[in-house]
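Data first, discussion second: the structure below is written as structure tokens.
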Amino acid sequence: MSQSKSNLFLAAFHAAGFAWMYYGLHSLDQLDMNEFVSKQYGGHAQYLTIQGLVISLITVFLAAINDVAPGVPLIPSLKKFFLLVSLPLESVIATIYWSLRLFIPHLILPSTDHFAEAGVSDSPEVSSPKLFYIPLPMDLAMHAAPGIILLLHFFLFEKKFSLKEVRQTAAVSILAFALWYGPWVEWCASYNNNKFPYPFLPEDSLPIRFTIYAGAALFAFISLQGINALHS
């Protein structure tokens, strides 16, 4: 395959991945819960899923630019940096979300009673009298697509990260993100009647919440080491 055809293939892959993920982000305003969440302090930005989705979109967008214009300065470095951040972040999001959604859904899915109290009416999208389920196509776009696309990109089109990139750049980035997200969620909750975006964050125990934040950061770092070790 010629270089030009190879670049076109890569660009098409990244464009398709970007479109899949963007569908999930763009569809947020179609959900009944959108009105309730939008009125809260922090809005959808309270959710780790949304922050991860945006960072993944930036990563894939930079990869697409590098496909069609490989000579643009700084793009390869920026792409690798965002991949170092987004890959472990999406590992955390996908692992926590799908594990809880499949086996302990009440710890990850909001209660429809919670929305009813806020004046959000039931709709066909609410598939349980107790829990709010996101429609599957949108759910996959937000909670599965980023991880799938980033893993395929990493294993098929990228070299494995160096030890320095994993132990220094990634470690510092993960720590910085944890130090940002934990206090951000706490700050938002202080303006939202002590309501947290995820049910598994207990309202009455700050130490447990910070243990969860620290555990997620540690899992992100370990998962990145594991993924990188599997790369040939």
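As a basis for the values below, the full set of heavy atoms in this structure was taken, side chains included, without hydrogen atoms, waters or symmetry mates. Throughout, residue positions are numbered sequentially from 1 according to the sequence presented.
Taken together through direct or relayed side-chain contacts under 4.5 Å among Ile, Leu, Val, Met, Phe, Trp and Tyr, L102 and M138 form part of one hydrophobic cluster. Hydrophobic clustering of Ile, Leu, Val, Met, Phe, Trp and Tyr side chains at less than 4.5 Å, counting indirect connections, keeps L179 apart from F219. In the hydrophobic clustering of ILVMFWY residues, with side-chain heavy atoms under 4.5 Å counting as a link, W180 and L84 come out together. Cluster membership for W184 and I208, using ILVMFWY side-chain heavy atoms within less than 4.5 angstrom, is shared. I227 and L218 fall into different hydrophobic clusters, where Ile, Leu, Val, Met, Phe, Trp and Tyr side chains are chained together by heavy-atom contacts under 4.5 Å.
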Identify every side-chain donor-acceptor pair in residues 170-177 under 3.5 Å, counting partners at least two apart or on other chains, and give the distances.
unit_1, atom_1, unit_2, atom_2, d
S173, OG, T169, O, 2.7

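The heavy-atom pair separating F155 from L230 by the smallest distance is CE2-C, 3.9 Å.
A heavy-atom distance below 4.5 Å is not found between the side chains of V185 and L48. At least one side-chain heavy atom of P105 sits under 4.5 Å from a side-chain heavy atom of Y133. Between I222 and P88, the closest side-chain pair of non-hydrogen atoms is not below 4.5 Å. Contact annotation: the side chain of S56 approaches that of M21 to within less than 4.5 Å [non-hydrogen atoms, C-beta and beyond]. Using a 4.5 Å heavy-atom threshold, the side chains of D29 and E35 count as separate. By the 4.5 Å heavy-atom criterion applied to side chains, L28 and M33 are not counted as neighbours. Y191 places none of its side-chain heavy atoms less than 4.5 Å from the side chain of Q40. Counting only heavy atoms from C-beta outward, the side chains of Y23 and P137 approach each other to under 4.5 Å.
Environment of NE2 in H231: crowded, with over 12 heavy atoms of neighbouring residues, nucleotides or ligands closer than 6.0 Å. Heavy atoms from other residues, nucleotides or ligands lying under 6.0 Å from OH of Y181 number more than 12. F154 CZ: more than 12 foreign heavy atoms inside a 6.0 Å radius. F196 CZ: more than 12 foreign heavy atoms inside a 6.0 Å radius.
Of the N and O atoms on the side chains of H14 and N66, not one donor lies less than 3.5 Å from an acceptor on the other residue. Counting only N and O atoms by type, the side chains of N192 and Q46 include a donor and acceptor under 3.5 Å apart.
Using a 4.0 Å cut-off between a side-chain N of Lys or Arg and a carboxylate O of Asp or Glu, K80 and E165 qualify as a salt bridge.
Taking the centre of each ring, F200 and Y198 come in below the 6.0 Å mark.
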*asked:* Quick one, L100 with L109, criterion side-chain contact (heavy atoms from CB on, under 4.5 Å). Give me CA distance, side-chain angles, the key distance, then yes/no.
replied: CA-CA 9 Å; L100 294 179; L109 300 175; over 6 Å; no

_side-chain contact (heavy atoms from CB on, under 4.5 Å) between M142 and I50, worked out_ = CA-CA 8 Å; M142 292 195 300; I50 302 304; 4.2 Å; yes

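For K160, there are no side-chain hydrogen bond (donor to acceptor under 3.5 Å, both in side chains) partners, not counting sequence neighbours.
Checking F18, F157, W20 one by one against F13, the ring-ring contact (aromatic ring centres under 6.0 Å, His included) holds for a single residue, F157.
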